[in-house]
Amino acid sequence: MPLTKQRCSALLMVLAMAGGTALAQSPATPVSPPPSTAQAPLAQQFTLANGLTLIVRPDRRAPTVVQMLWVRVGAMDEVDGTSGVAHALEHMMFKGTPDIKAGEFSRRVAAFGGMDNAFTTRDATAYHLQIPARRLETAMQLEADRFARNQWDDDEFKREIEVIKEERRQRTEESPRARMFEALNAMVYQAHPYRRPVIGWMSDIEAMTPGDARAFYRRWYVPANAALVIAGDVDVAQVRALAEKHFGALPAAAVPARKPREEPAQTGPRRLEYRAVADQALVALAYKVPQWRGAEVDNETDRDALALTVLSAVLDGYDGARLDRALVQGVGTGGKRLADSAGSSYGLMGRGPQLFMLTAVPSAGVTTEMASAALKAEVARIAREGIQEAELQRVKTQWTAGEIYKLDSVANQARELGGYWINGMGLDAGDRLMARLRTVTAAQVQLVAQRYFSDEQLSTGVLVPDPSRREAASAAPAGPRPALTRH
C-alpha cells in the first residue's frame, strides 16, 4: 500500500501493471504492417494436455517478443510461519537446474539480447523475458526447464536468504511509512492471508529452511497452475507448436485444493497509531469495499466496483483533482493548506478482498485528525452533491486514451492478459471492463459514496512522529551489506 500519490485512475494503474509478451519467428518470416492502434490483434488461448494454459497475442510492429510465465500462487497461498516463501522461491528459480548453473539463466538471456526478471504479489508469481523474436524457442526451452527442474543446494539458499533479509531492511524496516502500512494491513485483514506481507515477516525469513521453499515449489509449480503468455511478433500456430514441444511434455499434476479463508465482517472502526522516528505524520483511511469480479452478466456488485473506480479517479485521478484542490491547494478553505500531499486508491480486482484507501500527509500545524476529517469531507461532499458531468467525462477520456496507449507496449499486453487469467477471467475481460466503465453514471458514483464510507468498515492508520523512539532496523550484518538482486 504505497503512499505515492496516484496521478492516474485505478484502471490506468491496472493497465500500467499489465505486461506484453512477444513471441519470436524466424528472421526469414516477413513482418506484417503495424496494426492500427485502434484495433489490437486478438489474443487466443489454448490448454495443453497437462493443464498448462497458453495465451498468444500477435503484435507484428517490431521483431520483439515478451514471454511471461504466470503461476497462480503468491503470498496469499502461504501458511503462518512461512510467510515470504513464495517470494523466496521466486529468487531461487534463478539458481539453476541440473543443466543450468546458478545465474546462468540470466547470462544466457542477456547474451542473445534479452532482458529477464520476475515479481511476486499477494496473488501470483510471474517470470518475464523480453527477447528478439528469433530467440523465442531458446527462451521457451530455458523457462520450461527451470519450471520443471529447478534445483539448488542448501548453501545457495542460505546466501539468498541474506539478500532477501537485506531487501526487507531497505524496503520496509528502514522506512517508517512502510512499517506503518504493513501494520495497518495486518489490522485490516484479521483472517484473510492478505494480512501477511509479500516479502514475509523478518522472523519467518530468518527461520525459513531450504525444505520450506522446495515443498512450496513441488506443491504449486505444476502445469495446471500456470499460464504461458506470449505477446509480440509471432505466429499463433508456431507458438502453439513450440509450447507443445517444450511445455507440453511436462508431467501433469493436480493443483492442490484451496480452502476458503474468508475475512469476517467488520462491525466497527479500527484504529492504529504507529510511533516511529519520522519527519512527518501520515494518515491512511482504509475502507472495505466490493471488488470487480468480471462476471459475464452485469450485476450490482460489479457496477458498484466500477463506480468506485470512477470515484477514486475523481478524487485523485489527475493534477488538480478534488483531493489536491481541497487539501493541498486549500481551495474552499480560504487558501489554508491542510496537507502536503493527498491521494486515493482502489484495488478494483484481485483473488482476495480489496480496499478503497485515502491518504494524506498533514501540513505543518495540521493534526492527523484534521487531515482525516478533510479526507472524509471530500467523499461526503460527493455523497451529498454528486459529481459534475465534466469530471466524469474527463476520467472516461483518460481511460480510453490509456487503452490505446497500452498497445504500444507488448509487455503491457502480456501483463494485462496474465493478470486477468490469474483472477479467473477470460481474454475479453479488458474489453468488457472498458465497455462497462463507459456506462458508469454520475448518479452511480454518488450512490457508492453514500453506501460504502461509514466508520463501520473503516480502519485508520496513523504514523506518529516520535523522536524518542530509536528503533534499530532488524539486525544488519556487521560487515558489508548484501547487494540486492533484481528479483
Side-chain angles (χ1 to χ4, degrees), residues 1 9-18 43 45 47 53 55 70-77 121-126 185 188-189 191-195 224-227 229 255 257-266 286-313 344-357 395-396 399 402-403 406 415-441 443-445 447-453 457:
M1 286 184 278
S9 70
L11 177 62
L12 290 180
M13 288 189 283
V14 171
L15 297 179
M17 287 296 293
Q45 181 170 320
T47 302
T53 298
I55 300 173
W70 291 79
V71 188
R72 193 180 276 131
V73 66
M76 71 172 289
D77 300 290
T121 70
R122 298 185 297 188
D123 298 329
T125 311
N185 195 65
V188 168
Y189 298 111
H192 196 275
Y194 272 7
R195 70 187 311 274
N225 200 40
V229 183
V255 179
R258 290 179 164 97
K259 295 183 178 181
R261 289 174 286 183
E262 300 296 329
E263 179 68 16
Q266 185 171 335
Y287 294 89
K288 290 196 171 87
V289 295
Q291 68 201 91
W292 188 65
R293 297 289 188 179
E296 296 284 347
V297 179
D298 190 28
N299 61 82
E300 184 180 41
T301 299
D302 276 5
R303 286 197 299 272
D304 282 357
L306 299 179
L308 286 164
T309 301
V310 176
L311 175 61
S312 183
S344 170
S345 63
Y346 168 53
L348 183 61
M349 58 184 170
R351 288 174 56 204
Q354 300 299 302
L355 300 175
F356 194 109
M357 185 168 289
V395 167
K396 291 182 178 181
W399 287 330
E403 182 72 2
K406 79 172 186 194
R415 289 189 71 155
E416 182 183 66
L417 289 166
Y420 288 134
W421 178 83
I422 287 295
N423 286 289
M425 301 177 190
L427 296 178
D428 65 341
D431 292 336
R432 285 190 289 107
L433 176 60
M434 288 303 304
R436 291 178 182 175
L437 276 166
R438 292 188 185 103
T439 69
V440 174
T441 66
Q444 288 175 315
V445 177
L447 182 62
V448 294
Q450 295 168 349
R451 180 178 291 170
Y452 293 109
F453 293 87
Q457 296 299 311

Inset, instruction - Under the salt bridge (charged side-chain N to carboxylate O under 4.0 Å, His left out) rule, collect the residues that match up with E262, sequence neighbours excluded. - result: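 Testing E262 for salt bridge (charged side-chain N to carboxylate O under 4.0 Å, His left out), a comparison that skips the adjacent residues, returns none.
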Legend entry - Whether over 12 other heavy atoms sit under 6.0 Å from R451 CZ: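 Yes, because the 6.0 Å sphere around CZ of R451 holds more than 12 heavy atoms from other groups.
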Legend entry - Residues which pass salt bridge (charged side-chain N to carboxylate O under 4.0 Å, His left out) with R195, listed by chain and number, not counting sequence neighbours: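 Result, salt bridge (charged side-chain N to carboxylate O under 4.0 Å, His left out) vs R195: none returned.
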Inset, instruction - Evaluate side chain to side chain contact (heavy atoms under 4.5 Å, CB included) for W70 paired with L417, printing each intermediate quantity in order. - result: CA-CA 10 Å; W70 291 79; L417 289 166; over 6 Å; no
Legend entry - Partner set under side chain to side chain contact (heavy atoms under 4.5 Å, CB included) for K288, not counting sequence neighbours: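 Scan of K288 (side chain to side chain contact (heavy atoms under 4.5 Å, CB included), adjacent residues dropped) gives V188, E263, Q266, R270, L355, Q457.
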Legend entry - Under the side-chain hydrogen bond (donor to acceptor under 3.5 Å, both in side chains) test, residues paired with R72 that sit two or more places apart: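 By the side-chain hydrogen bond (donor to acceptor under 3.5 Å, both in side chains) rule, R72 matches no residue at all.
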Legend entry - Any residue meeting side chain to side chain contact (heavy atoms under 4.5 Å, CB included) with A305, in chain and number order, not counting sequence neighbours: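 For A305, the residues satisfying side chain to side chain contact (heavy atoms under 4.5 Å, CB included) (neighbours in sequence not counted) are W292, Y346.
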Inset, instruction - Over all heavy atoms of both residues, which pair between Y420 and G426 is shortest? Give the atoms and the distance, please. - result: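 Smallest interatomic distance, heavy atoms only, reads CB-O, 4.2 Å.
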Inset, instruction - Name all residues meeting the ring pair (Phe, Tyr, Trp, His ring centres under 6.0 Å) criterion together with Y452; count only those two or more places apart in sequence or in a different chain, and write none if there are none. - result: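 Partners of Y452 by the ring pair (Phe, Tyr, Trp, His ring centres under 6.0 Å) criterion come out as none, since no residue qualifies.
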Legend entry - Where G294 and R432 come nearest, the two heavy atoms and their spacing: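 Closest pair (atom of G294, atom of R432, distance): O-NH1, 2.9 Å.
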Inset, instruction - With rounding to the nearest 0.5 Å, note down the distance linking CG in L306 to CD in Q444. - result: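 Answer rounded to 0.5 Å: 8.5 Å.
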Inset, instruction - State which residues pass side-chain hydrogen bond (donor to acceptor under 3.5 Å, both in side chains) with D431; sequence neighbours excluded, sorted by chain then number. - result: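 Once residues adjacent in sequence are excluded, D431 has no partner under the side-chain hydrogen bond (donor to acceptor under 3.5 Å, both in side chains) criterion.
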Legend entry - Heavy-atom check, side chain of L348 versus side chain of Q354, under 4.5 Å: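 No. Closest side-chain heavy atoms not under 4.5 Å.
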Inset, instruction - Measure the shortest side-chain to side-chain distance between W399 and L433 over non-hydrogen atoms and say whether it is less than 4.5 angstrom. - result: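 Contact flag for W399/L433 side chains = no.
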Inset, instruction - Mind checking side chain to side chain contact (heavy atoms under 4.5 Å, CB included) for A295 and listing every partner two or more places apart, or none if nothing turns up? - result: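 For A295 the side chain to side chain contact (heavy atoms under 4.5 Å, CB included) partners, ignoring immediate neighbours, are N299, D302.
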Inset, instruction - Quick one: do I55 and W421 satisfy side chain to side chain contact (heavy atoms under 4.5 Å, CB included)? Show the steps, please. - result: CA-CA 9 Å; I55 300 173; W421 178 83; 4.2 Å; yes
Inset, instruction - Please report the C-alpha distance between R351 and N423 in whole Å, then the side-chain angles of each, then the deciding distance to 0.1 Å, and finally whether the side chain to side chain contact (heavy atoms under 4.5 Å, CB included) criterion is met. - result: CA-CA 6 Å; R351 288 174 56 204; N423 286 289; 4.1 Å; yes
Inset, instruction - Provide the closest heavy-atom pair for G418 versus V229 in the form atom of the first, atom of the second, distance. - result: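 Distance-wise, the nearest heavy atoms are CA-CG2, 4.1 Å.
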Inset, instruction - Would you name the heavy atoms of T125 and G74 that are closest together and state the gap between them? - result: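 Answer, listing the atom of T125 first, then G74: OG1-CA, 4.5 Å.
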Legend entry - Candidate list L311, L308, D304, test side chain to side chain contact (heavy atoms under 4.5 Å, CB included), partner V289, passing option: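 It is L308; the other options fail the test.
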Legend entry - ring pair (Phe, Tyr, Trp, His ring centres under 6.0 Å) involving Y194 - partner list, sequence neighbours excluded: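 Y194 satisfies ring pair (Phe, Tyr, Trp, His ring centres under 6.0 Å) with Y189, H192 only.
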Inset, instruction - Could you tell me which non-hydrogen atom of L427 sits nearest to which non-hydrogen atom of A43, and how far apart they are? - result: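 It is CD1-O, 3.5 Å.
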Inset, instruction - Please identify each residue that fulfils salt bridge (charged side-chain N to carboxylate O under 4.0 Å, His left out) with D123, with sequence neighbours left out. - result: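 Partners of D123 under the salt bridge (charged side-chain N to carboxylate O under 4.0 Å, His left out) test: none.
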Legend entry - Sequence-distant partners of R303, side-chain hydrogen bond (donor to acceptor under 3.5 Å, both in side chains), two or more places apart: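 Counting only residues at least two positions away or on another chain, R303 forms a side-chain hydrogen bond (donor to acceptor under 3.5 Å, both in side chains) with D298.
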Inset, instruction - Spell out, as yes or no, whether a donor-acceptor pair under 3.5 Å connects the side chain of S312 to the backbone of T309. - result: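 Not at all, since once roles are kept as given, no pair shorter than 3.5 Å links the two residues.
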Inset, instruction - Using the test side-chain hydrogen bond (donor to acceptor under 3.5 Å, both in side chains), find all partners of R258 that sit at least two apart in sequence or belong to another chain. - result: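 Testing R258 for side-chain hydrogen bond (donor to acceptor under 3.5 Å, both in side chains), a comparison that skips the adjacent residues, returns D77.
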